[in-house]
Protein chains: 2
Amino acid sequence: MSRPTLEKVAARAGVSRATVSRVVNGSTTVAEHIRVAVQRAVEELGYVPNQAARSLVTQRADSIALVFSEPPVRVFSDDPTFAGIIRGVSAEADAADKQVVLMLAGSTRGHERVERYTTSGHVDGVIVASMHGADPLPAALARRGIPVVCSGRPLTGSSLPYVDIDNVGGAESAVRRLLEAGRRRIATVAGPPDMVAGIDRLTGYRNALRDSGRRSIIAIGDFTRDSGYEGMTQLLDDDPGLDAVFAASDMMALGALRALRKAGRRVPDDVAVIGYDDVPAAPYADPPLTTIRQPTMRMGRELVRLLLNPGESSVILPTELVVRESA
Amino acid sequence: MSRPTLEKVAARAGVSRATVSRVVNGSTTVAEHIRVAVQRAVEELGYVPNQAARSLVTQRADSIALVFSEPPVRVFSDDPTFAGIIRGVSAEADAADKQVVLMLAGSTRGHERVERYTTSGHVDGVIVASMHGADPLPAALARRGIPVVCSGRPLTGSSLPYVDIDNVGGAESAVRRLLEAGRRRIATVAGPPDMVAGIDRLTGYRNALRDSGRRSIIAIGDFTRDSGYEGMTQLLDDDPGLDAVFAASDMMALGALRALRKAGRRVPDDVAVIGYDDVPAAPYADPPLTTIRQPTMRMGRELVRLLLNPGESSVILPTELVVRESA
DNA sequence: ATGCTGGCTGAGAGCGCTCTCACAAGGAGA
DNA sequence: TCTCCTTGTGAGAGCGCTCTCAGCCAGCAT
């Protein structure tokens, strides 16, 4: 009833352990008839190599960890960024014959768990996504000698390789569109100041406005729908004459839409709205939301590529403006 | 630069491998001063046990797999069911000091990968969630001798332990509410007929209607927003006089809301709508959606409990009607 | 003094695999 | 015919750990 071992297969095929190992691992230096015999034995016994034993000698685990430094709630909410990254990572890891182990490190306790798990030889490398502030995790792992790449430019000033999306450029293009449409008082509901995405999108907004000599009008949110609602309400309070708003996430844009409706403003007639992320709900918003789409799946793929090819340097992926009706 | 081994720690602390092992694993039969000395050595060297070596001898991996038999797109969409399960599983596994390995087995290839991974000794047990039709995976794993529990009653007629939510009862209570509110022609947009949730919720709808002697009006969807829109449109076509609809998922309810608006029906005045799942967007719908909430997090916890305590029998969790404005 | 516990510690086997190295054939070249 | 490769196969060490067992040294009863 116990799982068959290499030895059992070898006995059945009438060869040595070494030969079975060779066949299982696809060595070419095995005579055809023996290979066939071994494969039949493997089949008949339902043999699957014991990964622990294999890892013990090869010092490889053939799997990589994808850790989210974030409470699970957010990871699995409407944000398509995570879904895209996960899909991209899965696809690329698959191609490289690596397993993906997803870990959530929401709490401090989680951090410690992740550190133990990854340093105990379970994985060959780690992708750290969705960091807040100056997350010490990636650097800690790197210090331990574990290959690490970050999803999103790390705020720690470390020289770890990363893959990011051009948040600054994306925000700029959103604001530029607003400018080109003749909007004059363009506000923003910014993201949290402890996340790169929040910081960079605000920078993009400022850049674009500065170039045009216009004044910035800012409220701070945390990427959630409610914070978008509140931010928009506050913005309307601060400057009732605003005629456009750039929300640093679609969820906040959805909240903003609600606040605008409540305030009796028509979108896009009175106030144009642009979001960020292109969430699944964006095309169903009222009115359908103009937004910035990110190549999240490609991001996932690049992360794995980078992890597996330590030589290469960090990459920054471009965004795309998706025009619908809100702006 | 290489990771320190037990041997190194032993040498530094001036004791044997066995003693270090005892300390690391919390044995009580170690003299206090020796324990302290060993712990200091562990600390100084930054020793972390090699999990592969440990697994090799203990035959345990101290981790469990949570596999979703579903394309990642759906797993990480607005559906809070998955998020809840993941959180519950994480929490309970944490308490039992087990790691959770998340795997997506969307494709056939994925199935095979999961089977290989789980049978190769990487995990001590598997939780299979979100199965379609008569998924052969759980039974296949069980046959291999791997502990398996299913999230949702398996359609295979196998006797595998499972945790499910009372879909029938939930649907019944939704329809009953509609009945009690005096609605007379109650339609449903059902879920896919190859998933337990789809089947059982339809059964619940039928049960409740049968008891009241009313006729059923049915359209089939696949839990997505678009299918809800189409289903509702078709329903309106079939029976323009309907005055209520039970959608087997909130996303479909959202689509239905849109179709109703387009057809000029007011909700809830002309047509009452009840959804299922209580997605994050439900309270923000127009009007806010009355729906059935499921104890998803608890489901996750129960899954782990069941996996870790093989004696216990399958459980079915109750649902809760959340009344908002759509019905 | 002798024998017996009982509490701690160390020696050593072995988990299932990979990989190096030695070695057996068989063919080519001298 | 003998040597020298070349090609394919097996023997065996060892990866880092756990766990059984034997051994040692009190301390106590006899």
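Everything quoted here is computed from the prediction, not taken from an experiment. All values below come from the heavy atoms of this structure, side chains included, with hydrogens, waters and symmetry mates left out. Chain identifiers are assigned alphabetically (A, B, ...) following the order of the sequence lines, protein sequences preceding nucleic acid strands; residue numbering begins at 1 within each chain.
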Task: Most 5' of B/Arg22 and B/Gln59 on DNA chain C, judged by nearest nucleotide - done: B/Arg22

Task: First encountered from the 5' end of DNA chain C, between A/Ser21 and B/Val30 - done: B/Val30

TODO: Rounded to the nearest angstrom, tell me the gap between atom NE2 in A/His33 and atom P in D/dT7.
DONE: 17 Å

Task: Heavy-atom donor-acceptor pair, B/Ser314 side chain to B/Val163 backbone, under 3.5 Å - done: no

TODO: Walking along DNA chain C from 5' to 3', note the first and the last nucleotide with an atom under 4.0 Å from a heavy atom of chain B, and give both.
DONE: C/dC8 to C/dG16

TODO: Using the side-chain contact (heavy atoms from CB on, under 4.5 Å) rule, take A/Val123 and A/Tyr117 through it: C-alpha gap first, then chi angles, then the decisive distance, then the call.
DONE: CA-CA 8 Å; A/Val123 296; A/Tyr117 186 81; 4.2 Å; yes

TODO: Just call it for B/Ala31: base, sugar-phosphate, or nothing, with non-hydrogen atoms closer than 4.0 Å on any strand.
DONE: sugar-phosphate

Open item on the list: If we check side chain to side chain contact (heavy atoms under 4.5 Å, CB included) with B/Leu303, which of these qualifies: B/Leu308, B/Val315, B/Ile127, B/Val128?
Closed with: B/Ile127

- [ ] May I ask you to decide if the ring planes of B/Phe68 and B/Phe82 are parallel, tilted or perpendicular, using 30° and 60° as cut-offs?
- [x] perpendicular

For residues 95-103 of chain B, tabulate all N or O donor-acceptor pairs below 3.5 Å that involve a side-chain atom, not counting sequence neighbours.
unit_1  : atom_1 : unit_2  : atom_2 : d
B/Lys98 : NZ     : B/Asp62 : OD1    : 3.4

Open item on the list: Strictly below 4.0 Å, N to O, side chains only: are B/Arg305 and B/Glu302 in salt-bridge contact?
Closed with: yes

- [ ] Taking only heavy atoms on the protein side, list every residue of residues 37-52 of chain B lying under 4.0 Å from any atom of DNA chain D, sorted numerically.
- [x] B/Tyr47, B/Pro49, B/Asn50

- [ ] Give the intermediate values and the outcome of side-chain contact (heavy atoms from CB on, under 4.5 Å) for residues B/Arg54 and B/Asn25.
- [x] CA-CA 11 Å; B/Arg54 180 178 273 177; B/Asn25 292 294; 3.3 Å; yes

Open item on the list: Checking side-chain hydrogen bond (donor to acceptor under 3.5 Å, both in side chains) between B/Arg153 and each of B/Asp200, B/Asn167, B/Asp164, which is the one that passes?
Closed with: B/Asp200

